[in-house]
Amino acid sequence: MPSGSRRRYGAVGVLLIVLAVMTAVAALCLGSEILLPQQVWRILREGSSSSDSASVIVWQLRLPRMTMAAMVGVLLSVAGVILQGLLRNDLADPYTIGVSPGAAMGASAAVLAGWEARWHGFGVPLAAFVCAIAATALVLMVARREGVLRVSVFLLAGIVVGSFMWSAVTLMLTLAGADVGRVLFWLMGSFADAEWTRVRLLLPFVVLGFVGLRAMAYGLNAFALGEESAAHLGFEVEKLKRWAIVLAALCTAAAVSVSGIIGFVGLVVPHIARRLFGADHRQLFWSAAVLGAVLMVWADTLARSIARPAEIPVGVITALLGAPFFIALLRRERLV
Amino acid sequence: MPPTTFPRRITDFRGKTLTLKSPPRRVVSLTPGTTEVLFAVGAGKQVVGVTSYCDYPPEAKRLPKVGDMRTNVEAVVALRPDLVVADGVLNRRFIPTLERLKLPLLVIAPKTWLDVARVIRLLGAATGHDRQAESLAQRFHQAEREARSRSASATKPGVLFTLNVEPLPMWVAGRDLFVDDMIRLAGGRNVAEDGGTNYYPLSAEALLVRNPDIIITTVPENRLSPLYEHPVLKRLKAVQNKQVYSVDSNLFVRPTPRLLRGLELLKTIISKAQRG
């Protein structure tokens, strides 16, 4: 690696760390109640045993919430990087492969069946996760023939299976009656019910996504040259495709099942990361992850701050924040 | 025949006036609340169409259905109604169609406790049951007067009215709801009043800081266990002091005389909390 680019990556690394720290401070200070940084610092040093309301807010609400938002940001960004790399399509995002409509269907059915209190509150996330994976499996089955996964068919199949399932969700909502509100709030996405138990459940997926993407970095770099070139370079393309999709589906399904459907992050963060920090997947896997976490935590912080004491669905904010930034980036490159 | 005079002109909550030549005999009611009020003022026999959600009084369940929360306009027309009663919020999407078809329409849009008295008088007047309606409406005014005469010095327990406990955020009652008025009339203070109108999602942080003394919820008792297990919710004063009450939502959300029973229930809960 030439020394110039190494210096550049060093600078980028420092920038990302500063950004992440600033974000964490803001996320712990802002919200329905505003705390000063020194107050937060004192609470963090005192430990989680105090029953003072500021301490409970920091330890039991903001910390798990911030952690969960960051994790979901990482998962969606990682899934987005994988899918955009694999499908070589700028419009691919974690939701194009049927995961989110699948999860939406599972969650709606579970809410309507009254599973919200089942299994210590995990009835709905579990149903969402299972249906999300099932939906991706269905898309894979449609797109595979004689052991070959056709990438273009895969995208189309994802969209078709997705619209089918969204219609099923709409049908359920029509028949739901009084439960519509609860289903809708789930669909819009929120971190309001973040808890440490959920954070613990999510952790293995974050590790898996992070490690998996790093392991696939070379393969995805080769894929950027085209499927055939990657094969000529000695990569087992079918294996790579299969594992990449499985990994992306697991990441997205895990994210969606705990937080509902939060759009835009998986689509936009990989683009922003590529433009700011380069398209090499060996860098992209962590620059996109940090950016995804930062954007998501900011979005959630605003979601619980700007309409206080009420909350706004976080998906609204991710689009409000992400879209203008993305447009600015595109304009700077004179692509639009 | 009720001892009243027709034809008469009735002005509804939109400010539109409807002229009724004689007491209507074919009334179609488009919400459970209006159905209840019609039966309560004694006009039950004049009702010919209701929604599939109209479950009170039990006689209403036997009547022909004209949809659920979505009105089946064709079914309304087919019943050849001489009066259609709709709610300006719940039936919002269908009112323009009903107007275009020139159906004899009265729209209610109650937001406050005394608006409910106005609904009762309005539907009583429209169906020719003025006297029964007036005596029901008076009970709403009576509750206002009683609350005003009560000593202002008594401590007012903080009350939260919520539609769910989990998943968070809780959807709680803000301003412009009968429940908000009812909490005040029963001697309490709605801790979520300043946050918004109608039901809105209250952030858990704000919930913790407002720390209500009493939580009233429409969630059935056997589904309240998350309150006692959640790391934040279990710290709330109301949860620790076992001041969480499951109530029948129909006594609190429908603009009907049954709100009076809801108010009595609230008074009992609040005065118990005040005593200790």
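Within every chain, numbering begins at 1; the chains are lettered A, B, ... in the order of the sequence lines, protein sequences first and strands thereafter.
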Legend entry - Residue among A/Glu195, A/Arg304, A/Arg65 with most heavy-atom pairs under 4.5 Å to chain B: A/Glu195
Legend entry - Pair B/Phe178 and B/Phe252, ring centroids less than 6.0 Å apart: no
Inset, instruction - Look at B/Ala206, B/Ser203, B/Ala204 and state which one has the largest set of heavy-atom pairs under 4.5 Å with chain A. - result: B/Ser203
Legend entry - Selection from A/Ala192, A/Pro309, A/Ala310 maximising heavy-atom pairs under 4.5 Å formed with chain B: A/Pro309
Inset, instruction - May I ask you to name which of B/His230, B/Arg235, B/Met69, B/Arg210 has the most heavy-atom pairs under 4.5 Å with chain A? - result: B/Arg235
Legend entry - Ionic contact status for B/Arg254 with B/Asp248, cut-off 4.0 Å: no
Legend entry - Non-hydrogen side-chain atoms of B/Thr34 and B/Val119 separated by less than 4.5 Å: no
Inset, instruction - Please examine the side chains of B/Leu202 and B/Tyr200, heavy atoms only from C-beta on, and report whether any two atoms are closer than 4.5 Å. - result: yes
